[in-house]
Amino acid sequence: MQYNPTAIEQKWQQYWEENGTYKVSNESDKPKFYVLDMFPYPSGAGLHVGHPLGYIASDIYARYKRLTGFNVLHPMGFDAFGLPAEQYALDTGIAPGVSTEKNAARYREQLDKLGFSFDWSRQVKTCDASYYKWTQWIFTELFNHYYDQSIDKALSIAHLAAQFEDSGNTKVQAATTYEGTFTAAEWNAMSKKEQQDILMEYRLAYRSVGYVNWCEELATVLANDQVKDGVSERGGYPVVQKAMWQWNLRITAYADRLLYDLETIDWSSALKAMQSNWIGRSTGAQMFFDVTDSEEKIEIYTTRPDTIFGATYMVLAPEHPLVEQLTTPKQEAEIGEYLDYVAARSEIDRMADKQVTGAFTGSYAINPFTKKRIPIWIAEYVLIGYGTGAIMAVPSDDERDQRFAEKFGLEIIDVVDKSDYPSATLSDKVGKIINSGFITGMEVPDAIAAVNAKVEEMGIGTAKVNYKMRDAGFSRQRYWGEPFPIIYDADGNAESIPVENLPVELPATDDYKPSKDGQSPLSRLKSWVNLPDGYTRETDTMPAVAGSSWYYLRYMDANNDEAFVGKDAVNYWQDVDLYIGGTEHAVAHLLYARFWHKFLYDNGLVPTKEPFKKLINQGMIQGVIETIYYQKSTGKYISADLANQYEDLVSMPVHIDFVSDYGAEHSHLSAEGIAKYKEWRSEYKDSEFVLAEGSNKFYTKSEMGKMSKRKFNVINPDDVAAEYGADVFRMYEMFLGPIEAHKPWNTLGISGVSKFMRRFWDLFFQKDAFTISEDAPSKEELKVLHATIKRVTEDIQRFSFNTCVSAFMECSNDLRKLKCNKRAVLEPLTILLAPFAPYTTEELWHLLGHEGSVHDATYPTFDEQYLKEDSIEYPISINGKKRATASFSADTSKEDLEKAALANPVIQKWTEGKTVRKVIVVPKRMINIVVG
RNA sequence: GAAAGAAUAGCUCAGUUGGCAGAGCAUUUGACUCAGGAUCAAAGUGUCGUAGGUUCGAUUCCUACUUCUUUAUCCA
């Protein structure tokens, strides 16, 4: 019987569906195992061959765990809120909910074809009200909690308010942006508004003024990457930093735990390094510098208090609140000009640009240790969001300060002698302090401690830990996201909506444009915004990261109406054992999810401190972009082999469906391909193609790149699966290379996998009839079987799926040579292959006479005894070079091996007339004779 | 300039206590075919990136260099 994947796939897809083969119960005696994929955003383009790479790997692992006796949770859903759907709505008027629904259905259909073992009864879609009800609820919990640093845990705001009432805020150790102090009496005398404003600064979800990239012309807020050189990427209109009230999450409260708990999870060191760099913990000192002729003090943060005697000037961020006050009349024009320049630059520009710029305010500060007058400058290299937005500049020991001082002619005093550390760079905290009063002669670490102590003694500052990570904005002035579960009273006090009134459903509209003043489209829906009791609704929506921060918990109990996840469910499933996804989410998603998880842990809502025990980043699958040359002046198309004979050529991407030998060196358009191209767009109908003389091939240029709709090079997995079968597709994607590597999609190799699949299938057939022998297998056959079980099992355990495929190929080649069709060999192999090729193996399993699914079978185990060799072929070397081979029984002793080797006639020729100095015998490996 | 990873057949990749370098594709030849494709049967191919070191012995361990990939780029 011929291998016919299409028929098999339809049959078993239906069977699995009808039998609920992949339905998972929350009640089981088996140990649990949770395999998670990063859920996709359902875009209009459909899945391309890159998406399933991670899904196939996780599916293989999930199926393997299932066969080895685990109750495996392997769910899938959709990250369905996001900008593309909103942009699509703006362009077409089609509601985001409608297009998203359609796209998700398409994804689901595509995924099903590839034979994944997802339990679809647990599907989540972040844009479903039944899901975002709980996203909103978690937000209200964040809103109603603050972070208590004395016990390192989130506690309720009510508890905080009670403390304020009782004893003011001086005894409270909490993560907050509030800097003042008050007594109980002062607190109790405050108005509700004043109290609420203070509490807001303690909440884990809080509202504050933040800066956004505002484009007046487009009347919209832009993301950082939509701004280039101070103008919008689309249209090139000016973009300015605009202050707006924004919701934020106080992730910084969890910075230490997010950093230190990295040690407890099994993630790649690269990924951990990325998160740890992002958190950017540093220890240093915070201190105040006096300003001459002013009551103001400038607060700075430094990790190098030991260099304070070298601080010869100060720099404030241009946005620093003291800038206006410190600018002297004489310097006003210069500072004003500089501020205009800075306002036009995006944060990205400021970070990418290496130019040294700045302006002098005209004011001076006093260095508290040298007592010298030092000038105060502003410069964009100091960022308002980091530390205090102001620095003491030490040009002798900081590269940026040095460049700045050199450019503007400021004083430089050497304070650290690094001559004892020749390989140290400026940023290494080593050396001996010089020119520095009481700390002169100390080593750097001692000097840091000494200055910190002195600073505290003088009452001008304290030692402090600082983080690079900031509380990122959680507001979007967009339509297609979760509405905030927040309402405001007449005084503007924010209140969260209680769970019984959730969800706050996203209201329907047909106008998705932001409103003129930068508010979200929701602000136009007056009847929705204004509530009868005088309250108004928050009109911002949450960013996409909201829904993805906890979706892995919802899968555990996807249809629960009473809670975000049921207690029993979360106590059974605990956490994610294996998470597979792209590296592009290394920071944002994974850090937010960890943060939310820890918050939920603090509230006793999840039993574990970390959500994802093990994480693997899958690489990207790249495509080949095929382009053809076009001569602008004549309008002719030029074959790539003639390109150097023409001038004024531009290259245009061409649809890969027209290209023959796609991706190969000699990729080209045949006569048929050219005809297709002409039919493609009416304006190409009369195009002229120039080919080399005598050739009928119009060559194209191939280069590696992302698969994208705009490059016409997207390969649809459905098409590949239709041609070769889903199982071949799955195995081929794994065969491309290691899971973490980036690799090009290249169809040339797929025939090899397809050939393997057919040959494996043919092992079970003779002359079109299913024929299986019940005879006992030979030693040789058992060795092939057990070697394969060993290799495949070990390789799956270390996520090396590409080598598993090779192992299967070798095994099938070996069995073919042995003409093996014995049940005792083929049946375990069928189970072994089942995670990789679920359809084909299911068919063979039933042909082998089984009733249930192969995916409920028991995984074979290998037995070392079949791998043992009776005799071993030893290489015999003279001085490390192989000169002979000889076969000995496996249990020959070292001494006998040595004797036999020396007696070998070939070896005797080599040793003749020379002294044997040493004989090295490595049992079961080799024999080496050293002569001289 | 930094950090991590990689470099093995024409291509994609395997190769662990250091001990005979190997799979798939591609290529070539033959069989089957009117022919092509598919299928089957064979075959060839390596300074294991470069240079040192350790060792009886290095693709493997160490050092330096070269090239590439990824990540991060003013963090005071």
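A, B, ... follow the sequence lines: proteins, then strands. Residue 1 opens every chain. The structure presented is a predicted model; accordingly, all values stated were derived computationally and were not measured.
When rounded to the nearest whole Å, the span between CG of A:Asn277 and C1' of B:A4 equals 11 Å. If you measure from atom CZ of A:Phe404 to atom P of B:C74, you get 17 Å, rounded to the nearest angstrom. If you take CD1 of A:Ile929 and P of B:G57, they are 15 Å apart, rounded to a whole angstrom. In this entry the distance linking CG of A:Asp795 with P of B:G15 reads 8 Å, nearest Å. In this structure, CD1 of A:Ile739 is placed 18 Å from P of B:U70, rounded to the nearest angstrom. For A:Lys468 and B:U73, the NZ to P distance is 6 Å, given to the nearest whole Å. A straight line from CE of A:Met926 to C1' of B:C20 spans 9 Å, rounded to a whole angstrom. Taking atom CZ of A:Arg917 as the reference point, atom C1' of B:U55 lies 17 Å away to the nearest angstrom.
Which of B:G24, B:C75, B:A14 sits closest to the side chain of A:Asn802 comes down to B:A14. Taking every side-chain heavy atom of A:Met809 into account, B:G24 is the closest of B:G24, B:C75, B:A76. The side chain of A:Arg798 has B:G15 as its nearest neighbour among B:A76, B:G15, B:C56. The side chain of A:Glu810 lies closest to B:A23, out of B:C74, B:C40, B:A23. Taking only side-chain atoms of A:Trp278, from C-beta outward, the nucleotide of B:A76, B:U73, B:G57 with the closest atom is B:U73. Picking from B:A76, B:C13, B:C25 the nucleotide with the shortest atom distance to the side chain of A:Lys755 gives B:C25. Comparing B:C56, B:G19, B:A76 by their nearest atom to the side chain of A:Val922 picks out B:G19. Closest contact between the side chain of A:Pro875 and the listed nucleotides B:C75, B:C56, B:C20 involves B:C20. Nearest to the side-chain atoms of A:Asn813 among the listed nucleotides B:A38, B:A76, B:G24 stands B:G24. The nucleotide whose nearest atom lies closest to any side-chain atom of A:Thr803 is, among B:A14, B:C75, B:A76, B:A14.
Rounded to whole Å, the C1' atom of B:G44 lies 10 Å from the corresponding atom of B:A9. Between B:U55 and B:U71, the distance separating the two C1' atoms is 38 Å to the nearest Å. Rounded to whole Å, the separation between the C1' atoms of B:A14 and B:A23 comes to 7 Å. Comparing the same atom, C1', in B:A4 and in B:A72 gives a spacing of 11 Å after rounding to whole Å. Between the C1' atoms of B:A76 and B:U70, the separation comes to 28 Å (whole Å). Comparing B:G10 with B:C48, their P atoms sit 12 Å apart, to the nearest whole Å. A gap of 23 Å separates the C1' atoms of B:U16 and B:U12, to the nearest Å. Of the C1' atoms belonging to B:U59 and B:U50, the separation is 14 Å, rounded to the nearest Å.
At a threshold of 4.0 angstrom between heavy atoms, the contacts of A:Arg281 with the nucleic acid are absent. Here A:Arg758 lies in heavy-atom contact (under 4.0 Å) with sugar-phosphate atoms only. Counting non-hydrogen atoms under 4.0 angstrom, A:Arg791 reaches nothing in the nucleic acid. Contacts of A:Tyr874 with the nucleic acid, taken as non-hydrogen atoms under 4.0 Å apart, are absent. Across all strands shown, A:Leu736 has heavy atoms under 4.0 Å from sugar-phosphate atoms exclusively, and none from any base.
Classified by interplanar angle (parallel below 30°, tilted 30° to 60°, perpendicular above 60°), the ring pair A:Tyr313/A:Phe404 is parallel. Between A:Phe808 and A:Phe756, the ring planes lie tilted relative to each other; the angle falls in the 30° to 60° range. Ring geometry for A:Tyr3 versus A:Trp761: interplanar angle of 30 to 60°, hence tilted.
The aromatic ring centres of A:Tyr338 and A:Tyr341 sit less than 6.0 Å apart.
Between the side chains of A:Thr307 and A:Asp397, no donor N or O sits under 3.5 Å from an acceptor N or O. A donor and an acceptor atom, one from each side chain of A:Ser812 and A:Arg816, are nowhere located under 3.5 Å apart.
When each of A:Ala741 and A:Ser877 is assigned the nucleotide of RNA chain B with its nearest heavy atom, A:Ala741 is the one assigned upstream, toward the 5' end. Two residues, A:Tyr467 and A:Val930, neighbour RNA chain B, and the one matched to the more 5' nucleotide by heavy-atom proximity is A:Val930.
Under the Watson-Crick and G-U wobble criteria, each requiring two contacts below 3.5 Å, nucleotide B:A21 is left unpaired. Nucleotide B:G52 forms a pair with B:C62, judged by Watson-Crick or G-U wobble geometry with both contacts under 3.5 Å. Across all strands shown, the partner of B:G5 is B:C68, judged by Watson-Crick or G-U wobble contacts whose two distances both fall under 3.5 Å. In this structure B:G36 sits in no base pair that meets the Watson-Crick or G-U test at under 3.5 Å. Taking a pair to require two hydrogen-bonding distances under 3.5 Å in either a Watson-Crick or a G-U wobble arrangement, B:U45 remains unpaired.
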Worked check of side-chain contact (heavy atoms from CB on, under 4.5 Å) between A:Thr302 and A:Met392:
CA-CA 8 Å; A:Thr302 177; A:Met392 65 172 200; 3.8 Å; yes
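Contact record, A:Asp795 with A:Cys804: CB-SG, 3.4 Å, taken as the closest heavy-atom pair.
Phosphate proximity of B:A41 to A:Arg816: present, with a side-chain N or O under 4.0 Å from OP1 or OP2. Within the 4.0 Å cut-off from OP1 or OP2 of B:C75, at least one side-chain nitrogen or oxygen of A:Arg400 is found.
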